[in-house]
Amino acid sequence: MDEKFAWIEEELALLEKQGLRIDIRTIGSACGAWMIVDGKRVLNFCTNNYLGLANDPRLKSAAQAAVDQWGAGPAAVRSIAGTLELHRTLEQRLAAFKGVEDALYVQSGFCANQAAIPALAGKEDVIFTDRLNHASIIDGCRLSSAKVVVYEHCDVSDFARKIHENLGHYRRAMLVTDGVFSMDGDMAPLDRLFELCEQHGIMTMVDDAHGEGVVGRGGRGIVDHFGLNGKFDLEIGTLSKAFGVVGGVIAGKKILIDWIRQKARPFLFSSAVTAADTAACLTAVDILEEGTSLVDSLWENTRYFKEAIKAAGFDTGASVTPITPIMVGDATLCRTFSRALFESAPGIFAMPIGFPTVPQGKARIRVMLSAAHSRQDLDYGLETFARLGKKLGILQ
Ligand SMILES: *Cc1c(COP(=O)(O)O)cnc(C)c1O
């Protein structure tokens, strides 16, 4: 072995010992309620395919037709020659769906935070950010060079305190929070955060990656859930979760979108999303605008599964959304539980989540519910969780 990399061997061995080394599974089928994972057919509780759109025939035909019309790739960044009519159409449709003035479609939700935050805050500014914000927000804040002030998770009084301690020392201020938190499934108290920001002239930004297509009227997201339509400055979203495809969106007031289009580096220096993806996203917007049946089934499944899993004795933490953490605590036990679920017949695919994604000692299995699950799928999942939970001593 190359001596230069001995430190990596040691670090990897340590991760293995702590039960924190990530097992990366390989998928051998399209994404649905059931999938082929590492060659085995399993019930899927892992993906963010909230509405089952990832393998929807309508999205697939839209993508196929777009390849025929527009080709495989745009071969340019959007600011040079990569902005297709389709990209603009999708942006206008997303803006209309969310009830905001304008939107910008970028390569991913991760990119959307890298694009928006550094464009809006610099080293003379302060960003207030929730302790449990997503990694892409954390990195976006770092890239901005602004002073980052972390307030305790969803703690409005701590936010108020941090405003008073810091506001006078900086040129401008901005709030950034996840809407729905991806590991706990709880929601930011957006109304109360907004009120404080209004009082102090603080710019407001929410990352609604897990809220779009899930919460709000017909899946219009967390801003809609709190009735703050048209008031909130900026919403970040992803087209890779409920929308079932790929890409990120920055939506909000036109002046901000105009500015971000001029300044955002992932937009200016990285190629556009393909026509196939964009067309599939457009069809997803059509489906969401046509009716609420997928969003309704998602919530029906969520209520059914959560009530039953709690009745079986599991702790699902603070979740109020289809993200259902099943608390285990110890990372090694959690990984054993996940492996046992996978090995059962038929197997269940539900990932263990440990440090550093969640705090030490708070390892959990995260169950992601979907409109794609049938009642029978959920019952099989519930039965298997209870049986193995007892066997491993997680349930009494
Ligand atoms: C998933 C997620 C992202 C990343 O979205 P991608 O489109 O997969 O890059 C960003 N922010 C939050 C809060 C997320 O949950």
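Ligands are counted one by one from 1 in listed order, and the atoms in each one are counted from 1 as well. Hydrogens, waters and symmetry mates play no part in the numbers below; they use all other heavy atoms, side chains included.
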Pull out every atom of ligand 1 sitting under 4.0 Å from any heavy atom of [X], numbered as shown with elements.
{"X": "Asp178", "answer": "13 (C)"}
{"X": "Ser108", "answer": "7 (O), 9 (O)"}
{"X": "Phe110", "answer": "4 (C), 5 (O), 6 (P), 9 (O)"}
{"X": "His210", "answer": "15 (O)"}
{"X": "Ala209", "answer": "2 (C), 11 (N), 12 (C), 13 (C), 14 (C), 15 (O)"}
{"X": "Lys241", "answer": "1 (C), 2 (C), 3 (C), 14 (C), 15 (O)"}
{"X": "Ser240", "answer": "6 (P), 7 (O), 8 (O)"}
{"X": "Thr238", "answer": "5 (O), 6 (P), 7 (O)"}

>> Does Arg25 qualify as a cation-pi partner of Phe342, given the criterion of NZ or CZ under 6.0 Å from the six-membered ring centre and within 45 degrees of its axis?
In response: yes

>> The test is ring-ring contact (aromatic ring centres under 6.0 Å, His included); show your working for Phe349 and Phe45 and say whether it passes.
In response: CA-CA 6 Å; Phe349 186 33; Phe45 280 138; 10.0 Å; no

> Is there side-chain contact between Met187 and Ile222, with heavy atoms separated by less than 4.5 Å?
Replying inline: yes

Describe, in one word, how the ring planes of [X] and [Y] are oriented to each other, choosing from parallel (under 30°), tilted (30 to 60°) and perpendicular (over 60°).
{"X": "Tyr151", "Y": "Phe159", "result": "tilted"}
{"X": "Phe314", "Y": "Phe337", "result": "parallel"}
{"X": "His87", "Y": "Tyr105", "result": "tilted"}

> Do NZ/NE/NH1/NH2 and the carboxylate oxygens of Glu198 and Lys231 come within less than 4.0 Å?
Replying inline: no

> Do His134 and His210 have ring centres separated by under 6.0 Å?
Replying inline: no

>> Residue-level breakdown please: for Ser136 versus ligand 1, do any non-hydrogen atoms fall below 4.0 Å on the side chain, on the backbone, on both, or on neither?
In response: side chain

> Would one find an N or O of Ser182, backbone or side chain, under 3.5 Å from an N or O of ligand 1?
Replying inline: no

> For Gly109, is at least one N or O under 3.5 Å away from an N or O on ligand 1?
Replying inline: yes

> Looking only at non-hydrogen atoms, which of Ile236, Asp207, Asn133 approaches atom 11 (N) of ligand 1 most closely?
Replying inline: Asp207

>> Side-chain heavy atoms nearer than 4.5 Å, only ILVMFWY residues, links allowed to pass through others: does that put Val180 and Ile250 together?
In response: no

> So is Gly248 in contact with ligand 1, going by heavy-atom distances below 4.0 Å?
Replying inline: no

